Amino acid sequence: MKNKNFAESLKNMFDGFIYILKYERNLKIHFAIGIFVFALSLFLNLPPIKFCVVTFAIFFVICAELFNTAIEQTVDLCCGKKIHPVAKIAKDVASLSVFFAAVCALIIGCIIFLPYFF
């Protein structure tokens, strides 16, 4: 299953991107919020360091959600319809990581954006 070349790696990455946009509701939500926050950052002309921090926070949440999806799909493949207690823990902990990433991004957003509005 190893990619033969860089072009094949890019194709597989693109296939994954299409999959998440079609089937993963939470990723669509995170993408939409991320695009909005990114556009807001550009509109407010954030200083470079603040812009970098906001961009990192956006990607941090999306990466956490991607890992969560990968873990959920793998657990579902291995366990099928049966919910094993360990499989449930793996899925629950993976989703908790997304929650922590989102809370972190929210805190960063409040620290950076609230002064612009108050």
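Note that the structure is predicted; figures quoted are calculated from it, not measured.
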Phe31 pairs by ring pair (Phe, Tyr, Trp, His ring centres under 6.0 Å) with which of Phe38, Phe36, Phe17?
-> Phe17
Interatomic spacing from CD1 in Ile89 to NE2 in His84 - rounded to 0.5 Å = 9.0 Å
Carefully, step by step, assess Ile71 and Thr74 under the rule side-chain contact (heavy atoms from CB on, under 4.5 Å).
-> CA-CA 5 Å; Ile71 289 167; Thr74 303; 5.8 Å; no
Within one Ile-Leu-Val-Met-Phe-Trp-Tyr cluster: Ile58 and Leu114, side-chain cutoff 4.5 Å = yes
Exercise: do Tyr19 and Gln73 side chains pair donor with acceptor under 3.5 Å = yes
Within a reach of under 6.0 Å around NZ of Lys28, are more than 12 heavy atoms found that belong to other residues, nucleotides or ligands?
-> yes
CG of Leu106 to CD1 of Ile111, rounded to nearest 0.5 Å, is 10.0 Å
First locate atom SG of Cys63, then atom CZ of Phe60, and finally report the distance between them rounded to the nearest 0.5 Å.
-> 9.0 Å
Shortest non-hydrogen contact between Pro115 and Cys110, atoms and distance | CD-O, 3.9 Å
Mind checking whether Ile107 and Leu96 sit in one hydrophobic cluster, side chains of I, L, V, M, F, W, Y counted as touching below 4.5 Å?
-> yes
Sequence neighbours left out, what passes side-chain hydrogen bond (donor to acceptor under 3.5 Å, both in side chains) with Glu8? Give chain and number order.
-> none
Are the side chains of Val98 and His30 in touch, meaning some heavy atoms are under 4.5 Å apart?
-> yes
Quick check: are there more than 12 heavy atoms from other residues, nucleotides or ligands sitting under 6.0 Å from CG of Leu42?
-> yes
Note: Ser95 and Asn68 closest approach over all heavy atoms is N-OD1, 3.2 Å
CD1 (Ile62) and CD1 (Ile20) are apart, to the nearest 0.5 Å, by 8.0 Å
Within 6.0 Å of CG in Leu10, more than 12 heavy atoms from elsewhere = yes
Do Leu40 and Phe51 belong to the same hydrophobic cluster, where Ile, Leu, Val, Met, Phe, Trp and Tyr are linked whenever their side-chain heavy atoms lie under 4.5 Å apart, directly or via other members?
-> yes
Hey, would you say the Phe43 and Tyr116 ring centroids sit under 6.0 Å apart?
-> no
Shared hydrophobic cluster, Val61 / Leu46 (ILVMFWY, side-chain heavy atoms < 4.5 Å) = no
Validation row: Thr69, Leu27 side chains within 4.5 angstrom (heavy atoms) | yes
Spacing of CZ belonging to Phe67 relative to OG belonging to Ser97, to within rounding of 0.5 Å = 9.0 Å
is_close_aromatic(Phe118, Phe113), centroid dist under 6.0 Å = no
Applying the 4.5 Å side-chain criterion to the ILVMFWY set and letting contacts propagate, would Val54 and Ile33 be lumped into a single cluster?
-> yes
Between CD1 of Ile83 and NZ of Lys91, what distance do you get to the nearest 0.5 Å?
-> 7.0 Å
